[in-house]
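The next block holds one structure in the form of structure tokens; read it before the comments.
Remember, it's 1-based here, ligands and their atoms both numbered in the order they're listed. Position 1 is the first residue of the sequence, and the numbers go up from there.
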Amino acid sequence: MTKSALPAHVGIIMDGNGRWAKSRGQVRTAGHLEGLTAAKKVVKAASDMGISYLTLYTFSTENWKRAAEEVGFIMGLVKQYLRGELNFYRENRIRIRHTGDVAGLPPDIAAELKAACDDTRDFEGMQVILALNYGGRDEIVRAVNRALATSAGTGPKPVFTEDRIRQFLDNPDVPDPDLIIRTAGEFRTSNFLLWEGAYAEYFISDKFWPDWTGEDLALAVQDYQSRDRRYGGLAGGIAGV
Ligand code: FPP
């Protein structure tokens, strides 16, 4: 079995905050609060481990269907995270980025996000990409519309290729995720990195997100390193046909 190197890009679907809270007789928002603490631990561990990109599925295009109080609470946590961790990003040279539809975010959150992205733009350490108001289908639709807008005019009809669509995704310079982790035992993509995750290795953890620590990340990475990535080809090339 081929041992893979450290994954350059890890994506995490942070699931199970609500169930974590319910299992303790607490309100759902208590789970999100503890989820924020877990996110801080995992970001630190990923940075220490030498992972280059970490995408956190923080709020999906579908999450607006939740009660206004819960949505407001999560947005408040995002704000708290972006502001409160600034010293930590500076110390660890962590760059903050965003994927998702910024136009659909409350103006104060969009402004906070922009400030954190601008402030950390030149840091050369790990990049933390917050997927906020993010949907994989929505990202592809926005990319296609951006591509169309740049080719509008009287010329020939634009031809779409994989490369052309990729250029218009939210962060075209970021490599595809090698490893996508989902917590709380669900086997679903839930619209996360649909385009970019085409060949990602999946790791499903039974633990609820608030219980996650750096050790869990290390175990997921270890598991990833035992996988044989073939990208639709055969192990060892075409030998053995
Ligand atoms: C999924 O759990 C979690 C979310 C929709 C919110 C994620 C937000 C955080 C972890 C806090 C903010 C983090 C950062 C990095 C700013 P769920 O509510 O769907 O859980 P359930 O499936 O058990 O109900």
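- Of all atoms in ligand 1, numbered sequentially from 1 with element shown, those under 4.0 Å from a heavy atom of M14 are 1 (C), 2 (O), 3 (C), 10 (C).
- Under 4.0 Å is where a charged nitrogen must lie from a carboxylate oxygen, and between D170 and R97 no such pair does.
- When only non-hydrogen protein atoms are considered, atom 11 (C) of ligand 1 lies nearest to H32 O, 3.8 Å.
- Residue-to-ligand polar distances place D15 within reach of ligand 1: an N/O pair is separated by less than 3.5 Å.
- Under 4.0 angstrom from ligand 1, the non-hydrogen atoms of R66 all belong to its side chain.
- Judged by distance alone, the side chain of H9 and the main-chain N or O of V174 form no donor-acceptor pair under 3.5 Å.
- Atoms of ligand 1 lying under 4.0 Å from any heavy atom of R28, numbered from 1 in the order shown and given with element: 17 (P), 18 (O), 24 (O).
- The closest protein non-hydrogen atom to atom 7 (C) of ligand 1 is T58 O, 3.4 Å.
- Counting the atoms of ligand 1 from 1 in the order shown, those under 4.0 Å from a heavy atom of L36 are 13 (C), 14 (C), 16 (C).
- At a 4.0 Å heavy-atom cut-off, ligand 1 does not touch K22 at all.
- Atom 9 (C) of ligand 1 has as its closest protein heavy atom N17 ND2, 3.8 Å.
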Without placing hydrogens or testing angles, list every side-chain donor-acceptor pair under 3.5 Å for residues 33-40, not counting sequence neighbours.
none

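- Each of the following atoms of ligand 1 lies closer than 4.0 Å to a heavy atom of R19: 21 (P), 22 (O), 23 (O).
- Listed for the R83 side chain is no donor-acceptor partner under 3.5 Å among the backbone atoms of E112.
- With F59 as the partner, the ring pair (Phe, Tyr, Trp, His ring centres under 6.0 Å) test is satisfied by one option alone out of F73, F192, W64: W64.
- In summary, the atoms of ligand 1 found under 4.0 Å from a heavy atom of N63, numbered by their order in the structure, are 5 (C).
- At under 3.5 Å, a nitrogen or oxygen of G18, whether backbone or side chain, sits near a nitrogen or oxygen of ligand 1.
- Atoms OG1 and CD1, from T55 and I13 in turn, are 11.0 Å apart once rounded to the nearest 0.5 Å.
- Among protein heavy atoms, atom 15 (C) of ligand 1 sits closest to A39 CB, 3.8 Å.
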Residues R166, D176; criterion salt bridge (Lys or Arg N to Asp or Glu O under 4.0 Å); working and verdict
CA-CA 10 Å; R166 182 185 295 274; D176 287 346; 3.2 Å; yes
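- Within the structure, the closest approach of G16 to ligand 1 falls below 4.0 Å when heavy atoms are considered.
- No donor-acceptor pair under 3.5 Å is formed between the side chain of N133 and the backbone N or O of G100.
- The aromatic rings of Y231 and Y199 sit tilted relative to each other, their planes meeting at an angle between 30° and 60°.
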